[in-house]
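Step one of this worksheet: look at the structure below.
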Amino acid sequence: MQKPSLPKGTRDFGPLQMARRNYILDVIKDTFQLFGFQQIETPSLENLSTLTGKYGDEGDQLLFKILNSGDFLKDLTPEDLPKGSAANLTKLSEKGLRYDLTVPFARYVAMNRNELSFPFKRYQIQPVWRADRPQKGRYREFYQCDADVVGTESLLCEAEIILMIRRVFAKLGLKDYAIKVNNRKILTGIAEAIGEQGKEGPLCVAIDKLDKIGWEKVKEELVQRGFGEASTQKLLPLVNLAAGVKERLALLTQFLSQSPIGLQGVQELEAVFRLLEQLGANLDHVDFDPMLARGLSYYTGAIFEVKVNGVSIGSVSGGGRYDNLTGVFGLPGVPGVGFSFGVDRLYDVLEELNLFPVDRLAGTQVLLTHFDQVGFDYGLGCLTAMRDAGVKAELYPEVTKLKKQLEYASKKELPFVGICGDEEIASGTLMLKNLATGEQEALSLTDAIAKLKGAE
RNA sequence: GUGAUUGUAGCUCAGUUGGUUAGAGCGCUGGUUUGUGGAUCCAGAGGUCGCCGGUUCGAGCCCGGUCUUUCACCCCA
């Protein structure tokens with residue numbers, strides 16, 4: 001016998017976990033649909049050519065590759081072997097598991113360009129796989145819930161993303177969180193303004209750690225990455241920012257006065273906030289963070305990241321605007337903006353904050369029990385009548401002691417048990433017992449059904 | 001990819017300087033009760049101590065390797 005085990009970084013989901021996860025997914029789906037997004041799905045497998053080169057070198061390393069079917073070594077010659085696995089990859093594997101939902105979506109848009117009407121709003125809820133080292137809030141298989149709009153530059157999309165995030169969080173009972181927003185153009189502008197034009201890439205990587213390691217360490221890293229002492233010093237006004245979105249926008253307008261692109265970023269953000277106002281919304285939970293940088297290199301406009309306060313889980317949602325996502329698939333000039341919820345992290349957050357509703361496990365309402373074959377047969381008729389009436393019912397499938405049947409109901413936390421004994425059969429009734437209170441009463445089948453429906 | 005960390009019954013964990021037959025609680029099964037469950041009581045089942053190798057008269061304990069768990073870094077949801 002072998003010991004059963006799971007691959008690293010993967011998990012089973014039992015009935016309780018599934019109920020909870022579906023609770024989260026229902027809220028997200030409902031929200032996406034309310035804002036006019038349509039669902040699509042793409043295959044778990046993509047051609048490796050679709051996936052590679054889209055996530056940077058590190059991302060390519062984290063792709064799960066699938067060995068070719070059949071004799072996967074047949075194309076390999078003895079001369080190939082010393083070249084190493086990377087050089088021979090194309091001969092061994094031509095498919096991989098998807099790494100995120102955005103790239104498969106870009107592929108989908110490029111392939112279906114003639115059928116789609118733009119702007120196209122789609123959502124997609126599917127697992128993705130990354131060959132990461134697992135740790136807290138990080139798994140090798142996890143769900144993403146993406147919503148993207150492609151084919152428009154309208155900043156209404158950005159405003160709606162903020163509204164959707166707030167709706168989902170409100171429905172889930174999350175109150176203490178921050179939607180950090182920034183604009184990639186502002187980061188570009190900052191690089192210009194400090195005299196390190198074009199170096200926003202490394203600037204982002206270093207600045208991203210500001211929360212974690214503090215300004216002094218970030219400064220060290222910047223110098224290490226080739227930034228001048230004078231340039232880093234110029235960043236200082238941005239490190240200790242005044243509170244308030246409006247104040248920060250004003251500060252940035254001044255800071256970026258010599259950078260047209262930076263100013264454009266500020267104006268875009270202002271436009272988004274103005275749209276929110278016109279939509280009748282406020283800026284609650286919105287936090288303009290000019291130092292917010294996201295790793296993914298394809299963002300060109302707005303950037304989002306959502307962090308729940310007071311929990312030890314990383315960001316639970318993120319996204320941004322990109323100018324040209326489908327360009328690599330031969331369809332240039334399709335701008336888009338999208339974001340994603342990390343359900344597994346949301347799950348961890350809700351669990352840590354104890355925010356899952358308790359009565360979510362809407363399972364069987366009543367278990368029909370019996371003492372012998374006669375009671376079992378009687379129960380079969382009751383069972384059908386109950387199900388026809390829409391009552392979630394089950395009949396204990398074996399003839400056995402009542403004690404065992406009650407224990408089963410008790411363990412499954414069923415609210416009711418309907419006992420089918422000789423006395424009940426003789427009088428055409430059912431002994432309906434409330435397992436929480438212990439009370440029981442003999443009711444006709446129709447009365448029992450009425451009571452069960454009333455107790456829902 | 002780098003550095004730590006973990007692994008003993010279904011679960012949570014004890015296990016002395018290496019010493020004979022490996023322990024507890026919970027859970028599970030059966031009984032006390034042949035029409036009544038959820039903290040009564042009684043009894044019982046269940047472990048090649050992650051795996052492979054080494055040291056030793058002798059290894060759950062020491063050493064090496066490997067897998068696994070958890071965590072930090074990198075990166076990310």
Side-chain angles (χ1 to χ4, degrees), chain A residues 1-11 14 24 28 55-63 86 98-102 125-146 204-206 208-209 212-213 217 221 293-297 304-308 312-320 338-349 367 369-372 374-375 396 399-426 430-442:
Chain A
M1 191 199 73
Q2 61 165 12
K3 211 173 189 175
S5 65
L6 235 35
K8 192 196 278 242
T10 66
R11 299 149 299 157
I24 299 174
I28 293 174
Y55 310 106
D57 288 346
E58 297 235 14
D60 284 356
Q61 297 261 296
L62 298 180
L63 285 172
R98 77 166 95 78
Y99 177 88
D100 70 358
L101 300 179
T102 308
I125 299 178
Q126 291 189 270
V128 302
W129 294 269
R130 297 184 187 179
D132 233 353
R133 280 248 193 127
Q135 54 179 275
K136 184 158 200 173
R138 178 179 301 194
Y139 308 99
R140 288 187 146 183
E141 176 185 61
F142 60 96
Y143 267 78
Q144 284 192 333
C145 308
D146 270 35
C204 293
V205 173
D208 201 27
K209 298 174 190 161
K212 249 183 205 165
I213 60 176
K217 286 271 167 68
E221 185 163 339
R294 301 206 76 236
L296 286 177
S297 48
F304 305 96
E305 186 165 292
V306 185
K307 177 94 179 65
V308 179
S312 52
I313 316 271
S315 64
V316 293
S317 177
F339 77 114
S340 173
F341 286 109
V343 204
D344 302 84
R345 283 190 176 177
L346 271 175
Y347 186 106
D348 291 345
V349 166
L367 173 76
T369 65
H370 41 79
F371 299 96
D372 47 31
V374 182
Y396 199 85
V399 174
T400 182
K401 277 184 287 194
L402 183 62
K403 177 185 164 78
K404 197 167 177 182
Q405 303 177 49
L406 286 171
E407 276 174 356
Y408 169 82
S410 213
K411 264 177 207 157
K412 269 180 90 170
E413 295 186 313
L414 307 189
F416 289 98
V417 143
I419 302 171
C420 309
D422 293 343
E423 293 163 28
E424 288 77 17
I425 297 173
L430 207 59
M431 186 62 79
L432 195 66
K433 179 180 170 87
N434 182 323
L435 282 176
T437 63
E439 289 164 10
Q440 60 183 45
E441 56 180 328

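Model, not experiment: these values are computed from the prediction. Reminder, nothing fancy here: chain letters follow the sequence lines and each chain counts from 1.
- The closest side-chain heavy-atom distance from Leu367(A) to Leu435(A) is not below 4.5 Å.
- Every residue two or more places apart in sequence or in another chain that forms a ring pair (Phe, Tyr, Trp, His ring centres under 6.0 Å) with Tyr408(A) is listed here: Tyr396(A).
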Nucleotides 29-32 of chain B: which of its N/O atoms have a protein N/O under 3.5 Å away?
unit_1: G31(B); atom_1: OP1; unit_2: Lys401(A); atom_2: NZ; d: 3.1
unit_1: G31(B); atom_1: OP2; unit_2: Lys401(A); atom_2: NZ; d: 2.7

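- Closest to the side chain of Glu423(A), from the set C75(B), A77(B), G35(B), is G35(B).
- Classification of Glu407(A) and Lys411(A) as a salt-bridged pair fails, no side-chain N sitting under 4.0 Å from a carboxylate O.
- Comparing the C1' positions of U70(B) and G7(B) gives a spacing of 11 Å, expressed to the nearest Å.
- Listed by chain and residue number, Asp132(A) satisfy the salt bridge (charged side-chain N to carboxylate O under 4.0 Å, His left out) test with Arg138(A) (two or more places apart in sequence, or in another chain).
- Ring stacking holds between Phe142(A) and A77(B), with the centres under 5.5 Å apart and the planes within 30 degrees of each other.
- When each of U36(B), C75(B), G35(B) is scored by its nearest atom to the side-chain atoms of Arg138(A), the top-ranked nucleotide is C75(B).
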**Q.** Secondary structure of RNA chain B in dot-bracket form (Watson-Crick or G-U wobble, distances below 3.5 Å, | marking inter-strand pairs)
**A.** ((((..(..((((.....[...)))).((((.........)))).....(((((..]....))))))..))))....

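- You'll find a donor-acceptor pair under 3.5 Å spanning the side chain of Glu424(A) and the base of G35(B), going by distance alone.
- Nucleotides A4(B) and A77(B) place their C1' atoms 25 Å apart, quoted to the nearest Å.
- Taking atom P on both nucleotides, U5(B) is separated from C62(B) by 13 Å, rounded to a whole Å.
- Under the rule for a ring pair (Phe, Tyr, Trp, His ring centres under 6.0 Å), the partners of Tyr347(A) that lie at least two apart in sequence or sit in another chain are Phe356(A).
- Taking the C1' atom of each, G46(B) and G27(B) are spaced 12 Å apart, rounded to whole Å.
- Under the side chain to side chain contact (heavy atoms under 4.5 Å, CB included) criterion, Ser317(A) pairs with Ile165(A), Val306(A), Phe339(A), Phe341(A), sequence neighbours left out.
- Applying the side chain to side chain contact (heavy atoms under 4.5 Å, CB included) rule to Glu423(A) yields no partners; only residues at least two apart in sequence or on another chain are considered.
- Using a 4.0 Å heavy-atom cutoff across all strands shown, Tyr139(A) reaches at least one base atom of the nucleic acid.
- As rounded to the nearest Å, U40(B) and C26(B) have P atoms that lie 10 Å from one another.
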Quick test: give all pairs of protein nitrogen or oxygen and nucleotides 69-72 of chain B nitrogen or oxygen below 3.5 Å, distance rounded to 0.1 Å.
unit_1: C71(B); atom_1: OP2; unit_2: Lys136(A); atom_2: N; d: 2.7
unit_1: A72(B); atom_1: OP2; unit_2: Gln135(A); atom_2: OE1; d: 2.8

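- One atom, CG of Leu402(A), and another, P of G37(B), lie 8 Å apart when rounded to the nearest Å.
- The base of U36(B) sits within donor-acceptor range of the side chain of Gln440(A), with an N or O pair under 3.5 Å.
- Between Glu58(A) and Ser410(A), the residue anchored nearer the 5' end of RNA chain B, judged by the nucleotide with its closest heavy atom, is Ser410(A).
- When all heavy atoms of Asp100(A) and Arg130(A) are compared, the pair lying nearest together is CB-NH2, 3.8 Å.
- Applying the side chain to side chain contact (heavy atoms under 4.5 Å, CB included) criterion to Lys401(A), with sequence neighbours excluded, gives no partner residue.
- Counting heavy atoms from C-beta outward, Cys420(A) and Leu430(A) have side chains that approach closer than 4.5 Å.
- For the segment residues 431-439 of chain A, the set of residues with a heavy atom within less than 4.0 Å of an atom of RNA chain B comprises Lys433(A), Leu435(A), Ala436(A), Gly438(A), in numerical order.
- With sequence neighbours left out, the side chain to side chain contact (heavy atoms under 4.5 Å, CB included) criterion links Asp344(A) to Arg11(A), Phe13(A), Arg21(A), Tyr139(A), Phe142(A), Tyr143(A).
- Remark: the separation of the P atoms in C74(B) and U16(B) is 39 Å, to the nearest Å.
- For Phe371(A), there are no ring pair (Phe, Tyr, Trp, His ring centres under 6.0 Å) partners, not counting sequence neighbours.
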